[in-house]
Amino acid sequence: MDDQGREDFRCYVTHRSPALLRTAYLLTGNRADAEDLLQTSLAKTYLAWDRIREREALDGYVRRVMVNTQTSFWRRRRIDERPTEELPEVAGRDATADLDLHDALWRALAGLPRKQRAAVVLRYYEDLSEAESAQALGVSVGAVKSATSRALAKLRSDPVLADRTDDPRLTLPTGAQP
Amino acid sequence: MSPLDDELRRAMSERALRVQPAADPLADIERRARQIRRTRLACLALGVTVLVAGSAIAVPTLIEATGTENAPEVRLTTVPEPSAVPTPDRPPTPAPTSRPAGTLDPADPWPYRGERSVRTDFLAQVQAAWEGEHPDSTVSPLFGRVYEPSQQPELVFVASGPDGNWWGFAQRTTSVGSTEPVARITQQQKLSAGATALVTVLGADGGGSTVLVVAAPDSRGIFYAPTGGAQQTPMAMPVEGVTGVGIAFRDGDLSRDRVRVVAANGATVYDQAIAPASAAVTPANLLPWPQRGDRVAGPPENALKARFASAFDRTDDIDQVRYRALYAGDTDGGLRFTYGQAWFTGSQDAFGVGLTNGTGAPQPEFFLGPATDPSAAVLAYNISGQPASDEQVLVVIPEPRTTQVSYDSNAAGAFSPATPVPGGDGVYLIDRTLAGTSGSDRLQVLTGKGNQATDVSYQGPVVDLLCGYTSCS
């Protein structure tokens, strides 16, 4: 890689690392693995830098490398994803109730199979379309729909959330109106 | 958008905002890049060393892809060299014959790549399904994966046998009315000499197409150009770490899309447009039932193929007729017969067909039925012209999970259990009187536990099962 390429790469890493790290964190469930995943993915991107033609689509490329690396990464490490960070203070809404629910959702998310989890992260955190998610995951649009649907069903039936079946925030809107 | 979706977004955003990257990540990235590069080069060098050593002394080397779906590992296991004591009687091992880069040799096909479970759990089913159409053939797996939405295996393979070299694509499906998963050969094609890429076009969930390309494992790259444009992008790996296989998803017309394969030596060995119509697709109504009976006892299948082609005024296309026998055997009167499904390559429909032949028969009796109902619980074939007899023989071929077949010779009577053919694997030969052929006889087929109240898969007139291609009279 020449000096200009290296500078371009540095600029990209500097500006996009925060956002990419957050995605990696959601994919892996803990900070240490997220940093490891991001560094490895960016290293692979570094090696392919000269061959990447569409620099506008770098995020998509890195995201895809990250998702693919995370699956093999996950198998080798077999890390238990129980969250350990302390819950922050949140003002405004019923903070305690929100924290409890979000903690429960986070734990339920940790229990998803890796590809379902990746689909949920891409669709609901990254706000990618089904087509963009399919490209990142290297599967068809139908596979994304299927994985996402199964993931949401699994979240709703997760024992961690089972006690919250009466929580209106976890119910789907029904056709009948009161 | 549901409340759960909103809370999920908020939960993830909340968590994600907690993390911040290191101050200077670039140094670590470059270090990791150097490490990855060293690892890749080390694997390549080791592979070259092994191949060179193999040409001088017979040092068998086992290369096995032990990878699962997401963490493939390539282990190189070298068997210890032979003893240093000279063995004058052992002739020197000849150097391996070279072949053009990236070509597929059916006698020595590319090693299997992909998910190991597909090779261990699915290959035998594919072999059995393949032998149904191509007897005495050997199937060699090339690439396998588990299709994510259905969690069913898929396999690209090459086959060699008396009818030549082929390659194909198989999926595991569950036949209608059965819980048993079976292998279904959905695509098959003659293998061209010097083939360098196998290109399969499949349907994709939600519409569109999936293009799967299998090339040599050491291919430098597989590229895809939509609508034949200049922009060629590397195809994705359907299974992480498996080289020489690419996948792409496309909507719309693929007829101008192109695939290019670059071999290990940098040469372009494949550069062609997608030609999905050229793939020989097996009919959608091909029954995955086992082949039963004794095919050697039946009449020559070439004779049946010729009659089938003639029935459709396509006598010039006999070599395009495919036949899969469902049962073949003899009647008590000495007639040989075969019954199964026949179709023309590329056709979506397979038809029920039967042929009899044997000493004393006035003429071979050919039967052409309608396109097979893929949900059929039972097929039937009526053999007339029994030598020195006014009776006919009703061949009943029920679906594999059948537990009992019963026959009522006239509508006023009761069903009596029929006796299956010894060694016929659930096929029945029922003597049919002239009275029965008037349309009053009935058949009952039971599945599951054989409970007449709950397990009836068919109960009705025999004549309804004997419709011909043009009429049911």
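Protein chains get the first letters and strands the later ones, always in sequence-line order, with residue 1 at the start of each. Atom set for the values below is all heavy atoms of this structure, side chains included, hydrogens, waters and symmetry mates excluded.
Atom CZ of A:R123 and atom CG of B:L8 lie 11.5 Å apart (nearest 0.5 Å). Atom OH of A:Y125 is separated from atom CZ of B:R10 by 14.5 Å, given to the nearest 0.5 angstrom. To the nearest 0.5 angstrom, B:I29 atom CD1 is 13.5 Å from A:K44 atom NZ. One finds the CZ atom of A:R10 at 7.0 Å from the CD atom of B:E30 (value rounded to the nearest 0.5 Å).
Counting heavy atoms from C-beta on, the side chains of B:R31 and A:Q39 never come closer than 4.5 Å.
Of the candidates A:L109, A:L105, A:D103, B:R15 forms a side-chain contact (heavy atoms from CB on, under 4.5 Å) with just one, namely A:D103.
Residues satisfying the ring-ring contact (aromatic ring centres under 6.0 Å, His included) criterion with B:F143, sequence neighbours excluded, are absent altogether.
The pair B:R32-A:D36 counts as a salt bridge, with a side-chain nitrogen and a carboxylate oxygen less than 4.0 angstrom apart.
With chain B as the partner, the residue from A:T23, A:D127, A:L20 showing the most heavy-atom pairs under 4.5 Å is A:D127. Top candidate by heavy-atom pairs under 4.5 Å with chain B, chosen from A:S41, A:A43, A:A19, is A:A43.
Within 6.0 Å of CD on A:Q135 lie no more than 12 heavy atoms contributed by other residues, nucleotides or ligands.
Within the 4.5 angstrom heavy-atom criterion, only side-chain atoms of A:R64, from C-beta onward, approach chain B. Interface remark: A:V120 contributes backbone and side-chain atoms alike to the contact with chain B (heavy atom separation under 4.5 Å).
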